[in-house]
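Down below is the structure, laid out as structure tokens.
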Amino acid sequence: MPDSQIGSNTHETGPATAGPVFVLGSASPARLRVLRAAGVEPVVRVSDVDEDALLEQLPPATPADAVVAELARAKAEAVAALPEIAGAAENGETVVVIGCDSMLRLDDRLLGKPHTPERALAQWAEMRGRNADLLTGHHLIRLDPDGGSTSATGTSSTTIHFTDADDDVVARYVDSGEPLQVAGAFTLDGLGGWLVERIEGDPSSVIGIGLPLVQRLLTEVGLSVTDFWRH
């Protein structure tokens, strides 16, 4: 198999490698770090999916796990449709694209990125001292040189137990800016880790991409995670 033809001038994440190509359809540095630490050097391409518009189109009774799975599907499909990605498969490469989306389920509500300090403070006023479920939807698409495609989808759920942080700690955390652009207004692998007492489930899915689930989805489309190891 020749080296990847994807983005010969725009490969953001290092040198091309022989074999199937793994494309991460996300701008998340945390997801990229998880994959790199696990031996996968992906091509990074970002979708232009309007998440808010898509959420508005979903029926009000859509289950929470289906919401994040649908957002992940839309992102993966948008990236897979990029001429550069589809063209690589047409030119003889096997390409895998994965899209992910995370939201925090607190009681019966789904909390995404707060975006503003005011919303982050309001979320933390409800979250601290309690537990909530971090849901991460994954959608994986395999594109083959013969024009065929296969997909698999799944959602991971991890229970987060938050510390009962005092007002000053929460305010300092929000002032750092870290929680504004992350689902649930917290991170596990950054400053937010100080505000998490413990978790029940997969830590990689809390960071943004669940390695056990990705491995299962790869198996469902006829591939092995070892096909993408760079070691």
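The structure displayed is predicted, hence computed values, not measured ones.
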Find the distance between [atom1] ([X]) and [atom2] ([Y]) and round it off to the nearest 0.5 Å.
X	Y	atom1	atom2	result
R33	R36	CZ	CZ	10.0 Å
I141	S149	CD1	OG	7.5 Å
L213	C100	CG	SG	8.5 Å

Is there a path of hydrophobic side-chain contacts, each under 4.5 Å between heavy atoms, that joins [X] and [Y]?
X	Y	answer
V49	I98	no
L135	L71	yes
L180	M103	no
L121	L111	yes
L191	V182	no

Residue pairs fulfilling side-chain hydrogen bond (donor to acceptor under 3.5 Å, both in side chains) with at least one residue in residues 47-66, sequence neighbours excluded: E51-K75
Qualifying side-chain hydrogen bond (donor to acceptor under 3.5 Å, both in side chains) pairs with a residue from residues 123-133, counting only residues at least two apart or across chains: R105-D133, D107-R130, R109-E126, R128-D167, D133-T159
Could you tell me which non-hydrogen atom of [X] sits nearest to which non-hydrogen atom of [Y], and how far apart they are?
X	Y	result
P212	S204	CD-OG, 3.9 Å
L54	A74	CD2-CB, 3.6 Å
S102	R31	OG-NH2, 3.6 Å
S151	H139	CB-NE2, 3.7 Å
G25	V79	CA-CG2, 3.9 Å
Y173	P179	O-CD, 3.4 Å

ring-ring contact (aromatic ring centres under 6.0 Å, His included) evaluation trace for F162 with F186: CA-CA 10 Å; F162 295 105; F186 82 100; 5.1 Å; yes
Side-chain donor-acceptor contact under 3.5 Å, S26 with S28: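 Checked: S26/S28 side chains show no N/O donor-acceptor pair below 3.5 Å.
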side-chain contact (heavy atoms from CB on, under 4.5 Å) between V34 and L32, worked out: CA-CA 5 Å; V34 169; L32 179 58; over 6 Å; no
S205: which of T158, T136, T155 passes side-chain hydrogen bond (donor to acceptor under 3.5 Å, both in side chains):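 For S205, the side-chain hydrogen bond (donor to acceptor under 3.5 Å, both in side chains) test succeeds with only one of T158, T136, T155, which is T158.
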Audit row: L110, L104, side-chain contact (heavy atoms from CB on, under 4.5 Å) steps and yes/no: CA-CA 5 Å; L110 281 177; L104 187 72; over 6 Å; no
side-chain contact (heavy atoms from CB on, under 4.5 Å) between I209 and L35, intermediate numbers included: CA-CA 8 Å; I209 183 166; L35 289 174; 4.0 Å; yes
Pairs satisfying salt bridge (Lys or Arg N to Asp or Glu O under 4.0 Å), at least one member in residues 200-213, at least two apart: R198-E200
